[in-house]
Amino acid sequence: MIENAKMLIDEYVKLAEEILVEFSFDENSALKKLSHLREKLGEKHSVGEESEELFTACTYNALAAINSAPCHTKKNDQLIAFITEAKEELRLIGEML
């Protein structure tokens, strides 16, 4: 089940990276992907007892970081910074798993 947690986190990291790149080309598309990422981070997943606590804390913190941005309806420096922060935290936890 740890592999399931790692796969999910890798998926979230990849999506966050896509969002950051997408903001350079198509803001509306990036915002749609961001909404999707926020939904995915908020979903409950069964990842096994051994990784449940770490996975849940990681996704909660990543979502909280993204939600800390005061505006989610247009590209702004704070939003980019918080997405980057969330991506890095997810990446680090993924490596720990």
Are V13 and M96 connected in the hydrophobic side-chain network, where two residues link if heavy atoms are under 4.5 Å apart?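 The answer is yes; both residues are in one hydrophobic cluster.
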Hydrophobic cluster membership, L90 vs F82, 4.5 Å side-chain cutoff: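 No, it is not one cluster - the side chains of L90 and F82 are not joined through contacts under 4.5 Å.
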Please report the interatomic distance [atom1]([X]) to [atom2]([Y]), rounded to the nearest 0.5 Å.
X: E95; Y: I9; atom1: CD; atom2: CD1; answer: 11.0 Å
X: S24; Y: I80; atom1: OG; atom2: CD1; answer: 7.5 Å
X: I66; Y: H72; atom1: CD1; atom2: NE2; answer: 7.5 Å
X: E11; Y: M7; atom1: CD; atom2: CE; answer: 8.0 Å
X: L41; Y: E43; atom1: CG; atom2: CD; answer: 9.0 Å
X: C71; Y: Q78; atom1: SG; atom2: CD; answer: 9.5 Å

When you compare the side chain of L34 with that of L79, does any pair of heavy atoms fall below 4.5 Å?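 In contact.
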How does the hydrophobic cluster around F25 look, that is, which other residues are in it when side-chain heavy atoms under 4.5 Å mark a link?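 Grouped by the 4.5 Å side-chain rule, V21 form the rest of the cluster around F25.
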Check the orientation of F55 and H45. Use parallel for under 30°, tilted for 30 to 60°, and perpendicular for over 60°.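 Judged by the thresholds at 30° and 60°, the geometry between F55 and H45 is perpendicular.
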Where is the tightest heavy-atom contact between [X] and [Y], given as atom of each residue plus distance?
X: L63; Y: R38; answer: CD1-O, 3.7 Å
X: A62; Y: A86; answer: O-CB, 3.6 Å
X: S68; Y: A64; answer: OG-O, 2.7 Å

Any carboxylate oxygen within less than 4.0 angstrom of a Lys/Arg side-chain nitrogen, looking at K87 and E18?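 Answer for the salt bridge query: no.
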Check this for me, if you would: do K14 and D10 make a salt bridge, where the nitrogen-to-carboxylate-oxygen distance has to be below 4.0 angstrom?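 Between D10 and K14 there is no salt bridge, as every charged N stays at least 4.0 Å from the carboxylate O atoms.
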Member of E39, E17, E27, E22 meeting the salt bridge (Lys or Arg N to Asp or Glu O under 4.0 Å) criterion with K33: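 The option that passes is E22.
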Main-chain N/O of T56 paired to T59 side chain as donor or acceptor, under 3.5 Å: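 A pair under 3.5 Å: yes.
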